[in-house]
Amino acid sequence: CLVSLTSRFVDPEIAERVTGWLADHAGEPGDRLVIMHGISSRVLRGVLLGISVHPEFGAPIAPGLPQGSVVMIENGVEHVVVTGTGGGHA
């Protein structure tokens with residue numbers, strides 16, 4: 001659900017930055033612990049999950065999760081490890 005998203009919050013450059021960061025670290029062995037919030041986390045998750053680019057926003061956007069949620073993404077599959085109890089959606 002893209003409720004409350006507007007183009008002023010979603011910039012295609014976010015997807016470019018997270019994709020660049022992923023490429024920079026792709027050759028390094030081991031897992032990654034990435035702590036993010038807000039729309040950046042939704043775009044990073046969208047990139048990792050292979051979600052199609054949203055035509056209005058120019059970036060892949062994963063569904064929102066309550067603040068404080070923790071996910072594990074492995075091989076393009078997301079598992080919610082902890083569902084947050086925060087007051088809003090990221």
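Index from 1, following the sequence. The model shown is predicted, which means the values in this text are computed figures rather than measured ones.
In this structure, E74 has no side chain to side chain donor-acceptor pair (under 3.5 Å) partners at least two apart in sequence or on a different chain.
P66 is listed as a side-chain neighbour of T83, based on a closest heavy-atom distance under 4.5 Å. With a 4.5 Å cut-off on side-chain heavy atoms, R45 and L65 count as touching. V34 places a side-chain heavy atom less than 4.5 Å from the side chain of L44. Under the 4.5 Å side-chain criterion, counting only non-hydrogen atoms from C-beta, E78 is not in contact with M72. Using a 4.5 Å heavy-atom threshold, the side chains of L22 and V47 count as touching.
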| task | Would you please test Q67 and H37 for side-chain contact (heavy atoms from CB on, under 4.5 Å) and show each step? | result | CA-CA 8 Å; Q67 291 182 16; H37 60 87; over 6 Å; no
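Within 6.0 Å of CG in D31 there are 12 or fewer heavy atoms belonging to other residues, nucleotides or ligands.
The ring pair (Phe, Tyr, Trp, His ring centres under 6.0 Å) analysis of residues 62-84, with sequence neighbours excluded, yields no pairs.
The distance from the CZ atom of F57 to the CD1 atom of I14 is 11.0 Å, given to the nearest 0.5 Å. Here I61 contributes atom CD1 and E56 contributes atom CD; the two are 8.5 Å apart, rounded to the nearest 0.5 Å. Considering CZ of R42 and CD1 of I51, their distance stands at 9.0 Å, rounded to 0.5 Å. Rounding to the nearest 0.5 angstrom, the gap separating the CG atom in L48 from the OG1 atom in T19 is 8.5 Å.
M36 and V71 end up in the same hydrophobic cluster when Ile, Leu, Val, Met, Phe, Trp and Tyr side chains are linked at under 4.5 Å.
Counting all heavy atoms, side chain and backbone alike, G46 lies closest to A62 at N-CB, 3.8 Å.
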